[in-house]
Amino acid sequence: MKSFLLRFAAVIRFVLSGFDRLRFHGESRLLNHATGVQSYLYQQRILFKDFPAHARQLTESLCRQTEELAAQQEVPLQYLNSPDLDKEAAALALARRQQHPLGRLAVLSCLEACTTYRLRKNRDGRIELRKEAGRCKHYYHYFLHPQVGLCYVRVQSWFPFAVRVGLNGRQWLSRQLEQRGVPHQRQGNLLLSVDDPALAQQLLQAQRHVAWPALLGALVRPIQPLWTYLHQSADTPYYWMTEQSEWATDFVFRTAADLAALYPRWLRHGIETLQCRDVLRYLGKKLPPQGYGCCSGEAKIDLRTRAEGTRLKFWYGSNSLKIYDKERQALRLETTINDPKGFQVYRTKEGEAKTAAKSWQQLRKGVADLDRRAEVSQAANNRLAESLAGVTEPTTLGQLLKPLGQPVLEHGQRKARALNPLTGGDGTLLRALAQGTFLLQGFRNRDLRLALHGPTTDDEQRRKHSAAVTRQLALLRAHGLLVKVTKSHRYHLSAQGRRIVAALLAAHASDVTRLAQSA
């Protein structure tokens with residue numbers, strides 16, 4: 001991130017990092033599996049054979065009270081024939097027609113997929129409860145909330161009556177700025193300008209530490225007719241999980257022309273230079289020097305042009321990292337986490353006392369770990385920004401490489417030879433330094449030796465290779481391409497070194513026709 005800002009500070013107005021889209025899922029931890037539902041029926045003294053009638057009665061009560069409440073509050077209610085329609089647009093159109101400036105704007109209903117429970121016979125001929133997929137009516141309640149802005153609550157009308165809450169961190173930020181009287185301009189979910197960027201960033205950071213169960217409960221309680229029954233009579237309260245989180249870093253440029261001049265090169269870098277290993281490292285995966293370690297899923301890169309801009313997306317499993325020219329005015333880096341299992345959080349084990357010893361545990365979907373989600377997402381954005389910082393080079397390749405063709409004095413005393421960065425051993429060395437691992441984590445003599453010469457069981461050969469790498473490292477340091485980490489055996493590419501290896505890698509991967517067109 002620092003490298004990116006140092007490089008492009010002259011054309012960037014401000015930077016904001018925070019939540020974009022957030023989608024929460026609420027369901028009872030008891031009612032999300034068949035054994036728990038059996039326990040619920042036992043506690044409520046309901047026989048298996050009476051379960052369908054009991055569930056149907058609750059559904060009818062929910063639907064009737066939802067529609068009656070909408071009529072009492074004069075909130076427009078509309079049924080949608082297809083779940084694929086733009087529900088937000090439909091709700092806003094209804095609100096404009098009814099002139100609802102604040103509060104609940106509209107209620108939409110449609111048939112959508114759900115999970116529910118049905119009575120089935122097992123292999124022994126006994127009746128049991130089985131969790132199955134189905135389709136039922138869902139109610140979408142759209143709000144213009146005084147705190148979080150435009151949001152929605154979706155209520156499933158079939159047992160176990162799960163709910164979903166969707167909101168947007170940028171719209172939430174806009175409401176906060178309005179309440180403080182801070183002038184700003186927003187287009188969609190992008191802040192184009194703000195008089196106090198530092199305050200805006202503080203407000204985005206504060207969103208990470210909100211009491212989420214209280215906030216989500218306050219949104220759902222008034223429009224869920226079965227809230228009292230589920231939370232008090234049945235003792236099956238909602239457990240809140242983060243179904244999807246998007247953490248975005250926006251670099252808002254001074255002019256659209258500044259972004260347009262740089263963005264195509266970043267796209268080309270992502271398509272032509274980055275590889276699967278880079279995608280995995282950006283998303284926090286630790287890889288061995290060879291192979292993919294424990295990563296067995298599919299990593300892919302996708303380029304797509306939409307009305308709001310052209311976006312490049314890096315996938316691993318259901319998690320992704322993307323860049324796009326948001327509203328043609330900002331470069332947005334955005335990490336989306338749908339499956340948190342691949343990440344870790346430092347906490348006590350679930351079920352233990354808060355005073356128990358902490359350790360690294362698997363990141364949970366529960367909102368308790370949402371702050372850690374933000375942390376790992378920001379780290380992914382930083383890694384990608386660091387990679388993009390060395391891509392766009394206004395000088396020609398010849399001008400960039402010219403200093404390397406001259407001998408230099410090492411520590412002002414011994415002369416170090418010139419480099420031939422395009423071919424031979426020097427070219428191989430510099431291209432090896434462009435590996436994603438080295439760019440992100442730095443490297444040691446051993447790492448570079450394995451990259452250049454591969455593994456060997458011959459101790460004498462290993463010592464020779466290590467000595468040769470030591471001389472190469474000294475040569476690169478003399479030319480100012482490397483920086484040694486204090487009190488360690490690790491090296492990093494300098495800012496100039498990053499610019500050079502990025503340019504060399506791009507040139508090495510391009511054919512003669514492309515180079516001629518660029519020239």
Side-chain angles (χ1 to χ4, degrees), residues 3 7 264-266 268-278 289-290 386-411 414-456 461-484 491-519:
S3 299
R7 181 76 188 283
R265 300 189 184 186
W266 286 324
R268 189 171 63 188
H269 171 71
I271 296 171
E272 297 180 354
T273 305
L274 298 183
Q275 301 175 357
C276 293
R277 293 177 65 88
D278 301 309
Q290 304 294 330
E386 186 75 15
S387 174
L388 298 180
V391 173
T392 306
E393 181 53 56
T395 58
T396 65
L397 185 62
Q399 293 172 327
L400 192 64
L401 301 182
K402 185 177 180 180
L404 302 184
Q406 304 294 326
V408 295
L409 291 178
E410 188 176 352
H411 303 300
R414 189 175 58 182
K415 181 180 289 189
R417 68 173 177 83
L419 292 172
N420 183 2
L422 293 175
T423 60
D426 292 344
T428 302
L429 173 63
L430 291 172
R431 288 194 297 275
L433 296 179
Q435 291 185 25
T437 311
F438 296 167
L439 291 174
L440 295 174
Q441 303 172 3
F443 54 91
R444 298 161 296 179
N445 181 303
R446 179 177 60 186
D447 302 324
L448 189 56
R449 172 173 56 80
L450 289 173
L452 293 174
H453 305 287
T456 178
Q461 194 72 8
R462 188 186 301 113
R463 282 193 292 270
K464 288 182 179 180
H465 291 163
S466 181
V469 170
T470 298
R471 292 190 293 271
Q472 290 174 314
L473 291 173
L475 179 61
L476 295 179
R477 290 186 70 188
H479 280 275
L481 302 183
L482 294 185
V483 177
K484 192 173 187 294
Y491 297 85
H492 278 280
L493 282 166
S494 65
Q496 180 69 358
R498 288 175 180 272
R499 296 166 66 194
I500 288 174
V501 298
L504 286 173
L505 196 63
H508 187 76
S510 299
D511 56 35
V512 176
T513 303
R514 286 182 180 175
L515 290 175
Q517 290 173 348
S518 299

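When atom types are taken as modelled, the side chain of Arg7 and the backbone of Ala389 share a donor-acceptor pair closer than 3.5 angstrom. A donor-acceptor contact shorter than 3.5 Å is absent between the side chain of Ser466 and the backbone of Arg462. The main-chain N or O of Gly405 is never found under 3.5 Å from a side-chain atom of His479 such that the two would form a donor-acceptor pair.
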### Query
Would Leu401 and Leu419 count as a side chain to side chain contact (heavy atoms under 4.5 Å, CB included) if you check the C-alpha gap in whole Å, the side-chain angles of each, and the deciding distance to 0.1 Å?
CA-CA 9 Å; Leu401 301 182; Leu419 292 172; over 6 Å; no

### Message
Test side chain to side chain contact (heavy atoms under 4.5 Å, CB included) on Phe443 and Leu482; report intermediate values, then the result.
### Response
CA-CA 11 Å; Phe443 54 91; Leu482 294 185; 3.6 Å; yes

### Query
Going through the checks in order, is the side chain to side chain contact (heavy atoms under 4.5 Å, CB included) test met by Ser387 and Leu274?
CA-CA 9 Å; Ser387 174; Leu274 298 183; 4.0 Å; yes

### Message
Using side chain to side chain contact (heavy atoms under 4.5 Å, CB included), reason through His465 and Leu452 one step at a time and then give a plain yes or no.
### Response
CA-CA 9 Å; His465 291 163; Leu452 293 174; over 6 Å; no

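Thr470 OG1 to Arg449 CZ: the interatomic distance, rounded to the nearest 0.5 Å, is 10.0 Å. Summarising the geometry, atom CG belonging to Leu450 is positioned 9.0 Å from atom CZ belonging to Arg444; distances are rounded to the nearest 0.5 Å. In this structure, Leu430 CG and Ile500 CD1 are separated by 8.0 Å, a value rounded to the nearest 0.5 Å.
A side-chain contact (heavy atoms from CB on, under 4.5 Å) with Val501 is found for one member of Leu493, Leu429, Leu481 and no other, namely Leu493.
Summarising the geometry of Leu448 relative to Ala432, their closest heavy-atom pair is CD1-CB, 4.3 Å, with the distance given to 0.1 Å. The minimum heavy-atom distance linking Ala418 with Asp426 is given by the pair O-OD2, 4.3 Å. Residues Gly480 and Ser494 share a closest heavy-atom pair of O-OG, 2.7 Å.
A 4.5 Å side-chain heavy-atom check between Leu475 and Gln472 finds every atom pair outside the cut-off.
More than 12 non-hydrogen atoms from other residues, nucleotides or ligands lie less than 6.0 angstrom from NZ of Lys484.
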